[in-house]
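A note on names: the letters A, B, ... follow the listed sequences, proteins ahead of strands, and every chain is numbered from 1. Reckoned from all heavy atoms, side chains included, excluding hydrogens, waters and symmetry mates.
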Protein chains: 2
Amino acid sequence: MKTELCKVDEALSILVGKWKPIILLHLFNENTLRFSELKRLMPNITQKMLTKQLRELEEEDIIERVVYPQVPPKVEYSISEYGKSLQPVLNVMHEWGSAHTQHMQGKRNEKILEQSQ
Amino acid sequence: MKTELCKVDEALSILVGKWKPIILLHLFNENTLRFSELKRLMPNITQKMLTKQLRELEEEDIIERVVYPQVPPKVEYSISEYGKSLQPVLNVMHEWGSAHTQHMQGKRNEKILEQSQ
DNA sequence: CTGCATCCTGGATGATACTG
DNA sequence: CAGTATCATCCAGGATGCAG
């Protein structure tokens, strides 16, 4: 991998955002979700942030947004065909993240053991 | 992957930082680099930021920091044994990032084509 | 050479109220 | 229901100067 061509940042820029990974996870799990359903699945997110993060993911072609012309409105979100290419990336990161949590827990335990001696 | 156990954020938290991916890339390429060498490889980073990002990576056990008790000081950084487990993660992200750049470029070209008709 | 302390700014996130 | 608008907050990152 050439230094000048490092594209890790490109992938990061898509995934970074306090709620993007969890939004993607829900959409991968459920295929299709309405705005209000996503909101319910993430009680702590504000409407503003949910809207914003969804817009950004849509902008990058990761998710699809379908508006049904109704009253009251109905909007459905789903992973785009292209967006599915992110699945393996998320999987690798998830697995490494899990391992890392355990690794660091091990480190902490070592420290406690040292101190108790 | 269970929603409650999503560890993508864990991986992200390690990699996020304006200079971390590029720092890691250099260290993977060169095995060992002094502080000043890293600085030279990244002309735009400030000393403060380089120090900070290195400290954070060290904190997470990704890199190793060796201080030689000399005057003037000499400090060498390298990827830790454990840190090498990040390589495949970075590779996957780099590859997806490259593909994404092309994908979005394709999208932009489509648009230009539409407009010229 | 390596690194810390201080001050500063923009952008990401949040709280809240309002709307078609 | 699915947003938008406004204001407030916080922190990563940058500029600069000092130090062992």
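Here the side chain of Val75(B) is nearest to one of dG3(D), dT2(C), dT13(C), namely dT2(C). Which of dC4(C), dA12(C), dG3(D) sits closest to the side chain of Thr51(B) comes down to dC4(C).
In terms of position on DNA chain C, the residue among Arg55(B) and Pro73(B) whose nearest nucleotide sits closer to the 5' end is Pro73(B). When each of Pro72(A) and Gln53(A) is assigned the nucleotide of DNA chain C with its nearest heavy atom, Gln53(A) is the one assigned upstream, toward the 5' end.
Nucleotide dG3(C) holds its P atom 10 Å from the CZ atom of Arg34(B), rounded to whole Å. Atom pair Leu50(A):CG and dA12(C):C1' shows a separation of 16 Å (rounding to whole Å applied). A straight line from CE of Met49(A) to P of dA15(C) spans 11 Å, rounded to a whole angstrom. Between Asp9(B) atom CG and dA12(C) atom P the separation is 17 Å, expressed in whole Å. At whole-Å resolution of the value, CD1 in Ile45(B) and P in dG13(D) are 10 Å apart. Rounded to whole Å, the distance from NZ on Lys52(B) to P on dC11(D) is 11 Å. What separates CD of Gln47(B) from P of dT6(C) is a distance of 18 Å, to the nearest Å. Atom NZ of Lys74(A) is separated from atom P of dG3(D) by 14 Å (rounded to the nearest Å).
Using a 4.0 Å cut-off between charged nitrogen and carboxylate oxygen, Lys20(A) and Glu56(A) count as a salt-bridge pair.
At a threshold of 4.5 Å between non-hydrogen side-chain atoms, the residues Leu33(B) and Ser78(B) do not count as touching. The side-chain heavy atoms of Leu50(B) and Lys39(B), taken from C-beta on, include a pair separated by under 4.5 Å.
Residue Arg65(A) has a polar side-chain atom (N or O) positioned under 4.0 Å from OP1 or OP2 of dG3(D). At least one side-chain nitrogen or oxygen of Ser36(A) sits closer than 4.0 Å to the OP1 or OP2 atom of dA2(D).
Within the 4.0 angstrom heavy-atom criterion, only backbone atoms of the sugar-phosphate kind lie near Tyr77(A); the bases stay farther away. Contacts of Glu37(A) with the nucleic acid, taken as non-hydrogen atoms under 4.0 Å apart, are absent.
Ring planes of Phe35(B) and Tyr77(B): tilted class, angle from 30 to 60°.
Defined by atom type and a distance below 3.5 Å, a donor-acceptor pair is present between the side-chain atoms of His100(B) and Glu60(A).
Contact annotation: side chain of Lys48(A) to base of dG3(D), donor-acceptor pair absent below 3.5 Å.
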